[in-house]
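Data first, discussion second: the structure below is written as structure tokens.
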Amino acid sequence: MTVPTQTLRTVAGIINSVETLEGAGFLVRRPFPKSSFSEFDPFLLLDELGPVNLKPGQAKGAPDHPHRGFETVSYVLEGRLEHKDSQGHAGLLKSGDVQWMTAGAGVVHSEMPEAEFTRRGGRLHGIQLWVNLPQQDKMIPPRYQEIPVDQIPVAQTEDASVTVRVIAGEALGAKAVIETRTPIIYLHLTLQPGASLVQPVPKEYNAFAYVLEGAGLFGAELERGDDGQMVLFAQDGPEVTIANSADAEKPLDLLLIAGVPLNEPVVRYGPFVMNTEAEILQAIEDYRNGRMGRIHD
Ligand code: FE2
């Protein structure tokens with residue numbers, strides 16, 4: 001009998017971001033989807049907006065658009081974004097706040113820089129992640145979880161060399177307040193030079209890191225991942241390791257995201273992600289006929 005000894009995952013690949021224009025014309029860095037890498041089950045998209053210093057009047061957002069069949073997770077690192085939707089829901093996301101929106105059967109919403117922020121200009125930095133919903137949840141009523149920065153659990157190692165903000169899942173003894181439909185881990189980690197972390201990630205989860213700032217050493221073989229790169233972990237162990245080299249000039253700031261793959265057919269068309277072509281045609285028709293509602297000013 002052989003006993004598996006390796007617990008640390010290896011790195012399966014490093015994905016570069018592409019720059020693309022979104023919404024009314026703001027620039028994002030996007031590791032996926034792109035033609036060579038369309039999804040990482042159960043994740044459908046990751047966009048990094050900024051960081052960018054905007055002049056007065058320069059900020060742009062994403063005016064009214066629909067979603068069906070998945071979840072959008074918005075995490076504002078700097079700046080102020082406001083949103084409105086067809087259910088009459090409106091809110092403001094400030095630095096550190098998270099909005100976990102389950103679009104389910106459908107919403108029409110707008111995601112815009114706050115009017116006052118746009119007028120004055122300032123620094124904007126945000127992340128949007130799309131999480132697929134399992135077939136049985138695609139048509140559930142829409143739901144929002146809006147978590148202000150002071151309710152996002154934060155934990156540190158004893159020597160304070162690693163800080164984690166726990167958006168989903170659990171890390172360093174802190175447990176997220178957000179509920180997810182399928183098991184998801186979403187951590188914002190900061191490692192000082194010389195720091196390292198071993199994070200449990202159940203073996204059946206797909207896991208990746210996305211580097212926001214600095215450069216990290218990832219996986220059993222300490223592969224390098226830079227600012228704007230996505231590091232894919234192989235599904236070959238129950239732990240991932242991340243380190244910032246001792247001679248690094250700055251802290252390593254990154255997201256560690258993982259989830260149980262759904263293993264279901266994915267048919268996507270813009271803001272609709274379903275299991276069949278027929279369901280996509282239905283979504284387009286429902287949107288055109290106003291069955292996802294519209295925004296009332
Ligand atoms: Fe949206």
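Predicted model, so just to flag it, every value in this text is computed and none were measured. Whatever order the structure lists them in is the order used to number ligands and atoms, beginning at 1. The first residue in the sequence is number 1, and the count goes up from there.
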request  = If the plane angle is over 60° it's perpendicular, under 30° parallel, otherwise tilted; pick one for Y144 and H89.
outcome  = parallel
task = Give the atom name of whichever N/O/S atom in E111 sits closest to the Fe ion (ligand 1).
result = OE1
task = Determine which of the N, O or S atoms in H65 is closest to the Fe ion (ligand 1) and give its atom name.
result = NE2
message = Angle at the Fe ion (ligand 1), NE2 of H67 to NE2 of H109, rounded to 10 degrees, please.
response = 90°
ask   = Is the side chain of Q199 donor-acceptor paired with the backbone N or O of E170 at a distance under 3.5 Å, no angle test?
value = yes
inquiry  = Can a donor-acceptor pair be found, under 3.5 Å and without considering hydrogens, that links the side chain of Q235 to the backbone of E204?
reply    = yes
key: Salt bridge K138-E279, side-chain N to carboxylate O under 4.0 Å   = no
